[in-house]
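Single-structure report; data block below.
Atoms considered below: every heavy atom in the structure, side chains included; atoms not considered: hydrogens, waters and symmetry mates. Throughout, a chain's letter reflects where its sequence line sits, starting with A, and its residues are numbered from 1.
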Amino acid sequence: MSKAFLIDLTKCMGCRACQVACKRWNNLEAEHTSMTSDSWTNPFRLSARTWTRVDFTELQSPQYKAGMKWVFARRQCMHCLHPACVSACPVGAFRKTDEGPVVYDAQKCIGCRYCMVSCPFGVPGFEWDKGLLAQPLIKKCKMCVDRLGAGMEPACVKHCPPRATIFGERDELLATAKERIAANPDTYINHIYGENEVGGTSMLYLSSVPFEQIGFPKLGSEAVTVNTEAVMEKTLPFAAAWTVILAATYGVVKFRERTNPQGEEKNQ
Amino acid sequence: MNSENKTSSPTISFSWTILIILMVAGFLTTVARFIWGIGSISNLNDSYPWGLWISFDLLCGIALAAGAFTTAGGVYILGFDKFKPLLRPAILTGFLGYLLAILALGVDLGRPERIWHLIIYWNPHSVMFEVGWCVMLYTTILALEFLPMPLERFGLKKPLSIIHKFTIPIVIVGVVLSTLHQSSLGSLFLIVVNRLHPLWHSKLLPLFFFLTAVAVGPAVVVVEAYLSSRIFKRHFELDLLSRIVKVIPMLLGLYLVLRFGDLVIAGKLGALFTGSLLTLLFWIEILIGVVAPIYLFSKASVRENQTSLVKTSLLVIIGVVLNRFNVSLIAIARPDGATYFPHLLEFCISFGVIAGGIFVFWLAARFLPIWEVSDDASKV
């Protein structure tokens, strides 16, 4: 069975305990940060040292009390069901496990960063400040796969005070999400982000506001890997056919030259 | 053998100084990158994982190296023997183009010391897997196509005759690998579904990359011949060159029809008239790099005049360069607040690599029979 998260943004209070728990469990260094934007979000984005982060969005509308409303949305790897990184990696360093986490084999990676280009959520981070001897790698949330093996919940889930993030089987969490929407149709919008996005993700989100308003990419339900994988399937047959066509063309041209030695007049 | 002694003129020594400075600067930057990391010499970041090196050195470099396979295919497979004088410089340019792209890739890759992993760890779903294999295999093919030049120079008749026996298979494999490689560079961006601007994202990206690479091939041959004629005081083969560019309007015409047809079918025509910066870039790319060369190269007066031939070829090159930058860098949406403009030291790497290419081309032109017409094909 496949494990997943249900992240209920209406319960999140923006405490960033998940950010801290993630750093502590995974021994991630602190980042130099600065308050540069008009939001409280910090650091600037996910990176090799920050695998989860709470986005702070300040929404303004007369319908809200005091004319504004905070929405807190923690972001991390979505652990897609059809992950772009797994499909894109030339050496197969990424793998979608049966248990749910998308994991990375640091021993294989060549550092081409195509995973970063292809990820629809812009998740993987690269260690830009490491030279050849320090051996830079790609880093991202691994759903605490090392804790799961020991029967523990992921660190961020364990440390979420209001239980805004819960952990479990994906289909059960989907059912829970639908129950919550049905029970409180005024609180939630009727959209479980991650249920169908890019073919489904292991991270499921509930929200009180449309996801576009809080910076979630608007994505279709088709996996982003379909086009590239379709092309790759056709590559070898195409190469074989093209070889035959070229060889045949050569044969025809040679044959004509032999039967018609006056072929000098040919123009392009 | 070419043994003109032109090195002593003052203009050459000035160019030499520039070349050497650029190569040394590029080398020192490379050393810094390996000690302190890519971040220390570049403005690349997690929102812009690929920048100048991928867009310019790799994507433009490989596209501009396409003259090698198109000329080889034209001469050996289609039997246009009269273009043979253009073949060796085109092969040399292509070979150097690939070697330089590999060099730049060695700087750009996070773990260049693991490049051999491509051979043992396979992921056949990955376009990058195909790209990697095409680079390795086609560079080998280009080395084989280049080999007769040094072999002739050093009078090694035995290996020369062996290579000549395999000329046709080598050329055919080279054309197949080039087709795969050029198109796969376009396929790389198929996966950037939600972030690549709709004016560039298309299921036909592989075909678009291939067609533009084939079209730019003759244009590069023209410009390379022009530069050689200036630097090495050689005769500019206007007659031949004005004939090979005849193919450009056909290829670019087909490309233009497909590109707009695709926009119509996908219902994206509205994106053509939004007045955004990207729409403007699209029109510049299409009008300067596609429509203008189609019009100009269909006129005999343009093709048969050295100056306008070279200038119009430059337009084709600019169009392809702009297209590669748009697809791989500019037209990809990033998170709010993310910025990238190449660091001075990133330019140092790219210019150093180009300087190295010119240097090696000069060495080859001086010491190898690159302008001699070999008789490889006629005996097959």
### Message
Return the OG1 to CG distance between A:T225 and B:L190, rounded to the nearest 0.5 Å.
### Response
11.5 Å
### Query
For A:F238 and B:L180, which heavy atoms make the closest approach, and how far apart are they?
CD2-CD2, 3.7 Å
### Task
Please test B:I38 against A:F126 for side chain to side chain contact (heavy atoms under 4.5 Å, CB included), starting from the C-alpha separation and ending with a verdict.
CA-CA 10 Å; B:I38 297 176; A:F126 180 71; 3.9 Å; yes
### Message
Report which part of B:S328 has an atom under 4.5 Å of a heavy atom belonging to chain A: side chain, backbone, both, or neither.
### Response
neither
### Query
So, for B:P335 and A:R45, which heavy atoms are closest and what is the spacing to 0.1 Å?
CG-NH1, 4.2 Å
### Task
May I ask you to name which of A:G125, A:C109, A:G220 has the most heavy-atom pairs under 4.5 Å with chain B?
A:C109
#### Entry: Contact leader toward chain A among B:G337, B:G132, B:S40, where contacts are heavy-atom pairs under 4.5 Å
B:G337
### Summary
Shortest non-hydrogen pair, B:H125 vs A:M232, comes out as O-CG, 3.3 Å
### Task
With a 4.5 Å cut-off on heavy-atom pairs, point out which of B:E113, B:R195, B:M128 contacts chain A the most.
B:M128
## Note on the structure
Greatest number of non-hydrogen atom pairs under 4.5 angstrom with chain B, of A:G215, A:P120, A:A134, falls to A:P120
### Task
Kindly give the heavy-atom pair with the smallest separation between B:I77 and A:L246, and that separation in Å.
CG2-O, 3.6 Å
#### Entry: Any side-chain heavy-atom pair of A:T249 and B:L78 under 4.5 Å
yes
### Largest heavy-atom contact set with chain B, pairs under 4.5 Å, which of A:S118, A:G251, A:A48, A:G92
A:S118
### Message
With heavy-atom distances below 4.5 Å as the criterion, would you say the side chains of B:V127 and A:Y114 are in contact?
### Response
yes
### Query
Between A:V117, A:L46, A:T235, A:V86, which residue shows the highest count of heavy-atom pairs closer than 4.5 Å to chain B?
A:V117
#### Entry: Worked check of side chain to side chain contact (heavy atoms under 4.5 Å, CB included) between A:V91 and B:L118
CA-CA 6 Å; A:V91 292; B:L118 283 170; 4.2 Å; yes
## Note on the structure
In terms of heavy-atom contacts, B:L109 and A:I110 come closest through CD2-O, 3.7 Å
#### Entry: From A:S87 atom OG to B:N123 atom CG, the distance as rounded to the nearest 0.5 Å
6.5 Å
### Query
Is atom CG of A:L133 surrounded by more than 12 heavy atoms (other residues, nucleotides or ligands) closer than 6.0 Å?
no
### Task
Please determine, among B:L196, B:I332, B:L188, the option with the most heavy-atom pairs under 4.5 Å with chain A.
B:L188
### Query
More than 12 non-hydrogen atoms from neighbouring residues, nucleotides or ligands closer than 6.0 Å to CZ on B:R114, yes or no?
yes
## Note on the structure
Heaviest contributor of heavy-atom pairs below 4.5 Å to chain A, chosen from B:D108, B:V192, B:L105, B:D336, is B:D108
### B:W50 side chain to A:M116 backbone, donor-acceptor under 3.5 Å
no
### Query
Just by modelled atom types, is the B:K203 backbone N or O under 3.5 Å from a matching donor or acceptor in the A:N227 side chain?
no
### Task
List the steps and the verdict of side chain to side chain contact (heavy atoms under 4.5 Å, CB included) for B:L44 and A:W128.
CA-CA 8 Å; B:L44 292 171; A:W128 297 101; 3.5 Å; yes
### Query
Does any non-hydrogen side-chain atom of A:P90 lie less than 4.5 Å from one of B:S126?
yes
### Task
Tell me, out of A:A106, A:A230, A:P217, who's got the most heavy-atom pairs with chain B below 4.5 Å.
A:A106
### Query
What heavy-atom pair brings B:G110 and A:R113 nearest, and what distance separates the two atoms?
N-NH1, 3.9 Å
### Task
Using a cut-off of under 4.5 Å on heavy-atom pairs, state which of B:V175, B:N194, B:V193, B:L205 scores highest against chain A.
B:N194
### Query
If you tally heavy-atom pairs under 4.5 Å against chain A, which of B:I115, B:I119, B:T179 wins?
B:T179
### Query
Which residue out of A:K130, A:Q135, A:K218 racks up the most heavy-atom pairs below 4.5 Å with chain B?
A:Q135
